[in-house]
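Side-chain atoms are counted along with the backbone in the values below, which use heavy atoms only and exclude waters and symmetry mates.
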Amino acid sequence: MLAALLLATATATSAKPAPTCPPMSLAALEGSLKGKGETKVVFFASWCATCKDSLEKSYPDGTVFVAAFDERDAAEAVASRYKLAHVCYTDEGSIAKGLGVTGLPAVKDVRF
Amino acid sequence: MKRLVLLVAVLAAPRAWACASCGSGGDDPLILYPNELTKAYLGFTRTSGFRNVDKDGELSAAGGPEAKDALVIAAGRTLTPRAFVTATLPVLRNVKDGASKSAAGDPSVGGRYAFVLQSLAQPWRPQVQGVLSYKHAQARSLRESEEMKTLLDVFGTGFHEIRTGIDVWYGMTAVKAGVAHGATFYRATDFEGLRYAPGPSQRTTLATGYGWTSSAKTLIGANRERKDGLSVDGARLPDSDQLSHGVFVTQDLMVDPSSSVRLTLSRAAAFGVNKNTARSSGVTMAYARAF
């Protein structure tokens with residue numbers, strides 16, 4: 001009984017998909033968040049040493065993580081390591097620029 | 001952007017540029033981070049206290065300028081998160097006995113490509129960059145000097161240079177470390193009917209540092225440069241190879257999210273075995289701004 005429970009738990013854990021950070025443009029992000037009120041957007045990059053603290057903080061439901069100036073594979077590896085439970089995207093180049101983000105880490109509250 | 005009706009607040013954005021680090025060699029004045037699309041650099045270096053070091057390592061008074069000033073102007077452009085290119089132009093001034101001469105130095109262009117990027121997912125994986133640069137010899141060299149007594153008009157080596165190398169850097173933790181190794185190849189050049197061909201040089205730099213805060217970083221390091229001997233018309237000059245061991249300490253400070261200042265103190269031929277080179281001390285103050 002115990003073995004079966006452990007096996008079931010292990011299976012459930014391993015079945016959890018790794019976080020993904022698909023490419024996203026500002027226009028598409030606006031579309032997905034339009035009408036949802038104020039949304040927290042956390043910018044990070046895999047190569048950004050000082051982004052560690054912002055990745056480890058707790059954020060409210062609906063927070064969106066955006067890997068900027070980065071590559072998708074690298075962003076997803078970080079999302080996996082830090083067990084990001086929020087939506088994650090890789091900036092195609094327009095999100096950081098459009099929201100005025102030039103340095104990392106950055107956290108912005110936006111309303112579309 | 002028309003549909004962006006309200007940007008409520010910036011909760012945390014300061015000190016944004018003190019992220020990944022690179023350039024452990026410290027040989028390139030301008031290093032761009034992936035989020036810096038364009039960056040400009042202005043640096044001033046005064047080198048003084050020259051002493052000649054002969055083939056046996058013995059020190060003697062130097063006959064050239066007492067001080068050399070260099071105003072370095074550089075600009076860089078990021079191509080991808082892994083690659084950037086730079087262009088550099090030094091403006092030089094030699095000083096001796098109250099007299100001075102100024103001229104443009106040798107301009108150079110270069111680039112770096114990160115074969116391996118640092119990552120928060122694997123903090124102990126180093127950044128590995130390939131380095132390639134070209135320096136165009138246009139400034140007057142020792143062999144073209146018209147002031148052989150003072151050498152006030154010598155502002156370059158007289159040889160076009162290609163430098164290639166690799167730069168390994170651990171920068172994801174507060175304690176940082178790196179090693180850079182590069183080789184420089186010189187194009188043989190004719191002066192007054194004689195063909196001068198310097199041998200290649202090898203330069204290795206070890207550096208370590210500490211990030212005090214996300215905006216302040218101190219680096220200390222040492223370098224070793226060995227240059228093969230000079231050939232004239234195909235004949236190698238005996239005892240013409242050079243060897244120098246130098247040290248440096250650098251303090252980086254981010255003054256705002258888009259700009260930084262840097263102070264570097266350096267000493268050439270500072271320790272160990274040195275040969276056919278010059279001992280000197282340098283102070284560099286630099287300002288860099290990303291756009």
Side-chain angles (χ1 to χ4, degrees), chain A residues 18-19 26-27 29-31 33-35 37-57 59 67-82 90-91 93-112, chain B residues 1-22 32-39 78 80-82 84 114 116-123 125-127 169-176 211 213-217 254 256-260 289-291:
Chain A
L26 178 60
L29 182 67
E30 284 181 16
L33 297 179
K34 191 176 175 77
E38 190 176 300
T39 301
K40 196 176 293 294
V41 180
V42 180
F43 289 88
F44 73 101
S46 61
W47 49 266
C48 170
T50 53
C51 291
K52 183 172 182 287
D53 290 346
S54 65
L55 289 166
E56 291 174 336
K57 283 181 185 169
Y59 294 97
F69 319 106
D70 207 353
E71 297 173 346
R72 178 179 178 177
D73 291 351
E76 290 178 342
V78 170
S80 181
R81 179 182 170 95
Y82 286 85
T90 302
D91 186 6
S94 56
I95 301 176
K97 186 177 179 182
L99 298 184
V101 172
T102 53
L104 299 173
V107 182
K108 294 206 170 194
D109 284 351
V110 299
R111 188 191 302 269
F112 293 107
Chain B
M1 278 306 295
K2 288 177 182 172
R3 287 179 292 159
L4 177 62
V5 293
L6 181 63
L7 182 60
V8 179
V10 178
L11 298 182
R15 310 306 178 205
W17 301 89
C19 285
S21 190
C22 51
L32 280 80
Y33 300 105
N35 56 334
E36 297 175 324
L37 181 62
T38 306
K39 197 171 185 179
T78 294
T80 74
R82 291 177 180 268
F84 65 85
V116 179
L117 284 170
Q118 297 180 108
S119 174
L120 284 167
Q122 296 169 286
R125 185 179 70 186
Q127 175 178 269
W169 181 248
Y170 292 89
M172 298 302 281
T173 55
V175 177
K176 305 167 192 306
T213 67
S214 59
S215 60
K217 178 175 65 185
M254 303 287 172
D256 65 48
S258 62
S259 54
S260 63
R289 182 174 178 83
F291 299 95

Self-check item: Partner chain A: residue of B:A114, B:S119, B:A174 with the largest heavy-atom pair count (under 4.5 Å)
Solution: B:S119
Quick check on [X] against chain B: is it the side chain, the backbone, both or neither that has a heavy atom closer than 4.5 Å?
X: A:A68; value: neither
X: A:A45; value: backbone
X: A:Y82; value: side chain
X: A:L55; value: side chain

Quiz prompt | For the student: nearest non-hydrogen atoms of A:T102 and B:N35, plus distance | solution = O-ND2, 3.1 Å
Exercise. Work out which heavy atom in B:L120 is nearest to a heavy atom in A:A49; give both atom names and the distance.
Key: CD2-O, 4.0 Å
Quiz item: How far does OG of A:S46 sit from CE of B:M172, to the nearest 0.5 angstrom?
Solution: 7.0 Å
Practice problem: Determine whether B:L117 and A:E71 make a side-chain contact, defined as any pair of heavy atoms from C-beta on separated by less than 4.5 Å. | Solution: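 A side-chain contact exists here, since the closest heavy-atom pair is under 4.5 Å.
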Quiz item: Is any side-chain heavy atom of A:W47 less than 4.5 Å from a side-chain heavy atom of B:P34?
Solution: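 A:W47 reaches B:P34 side chain to side chain.
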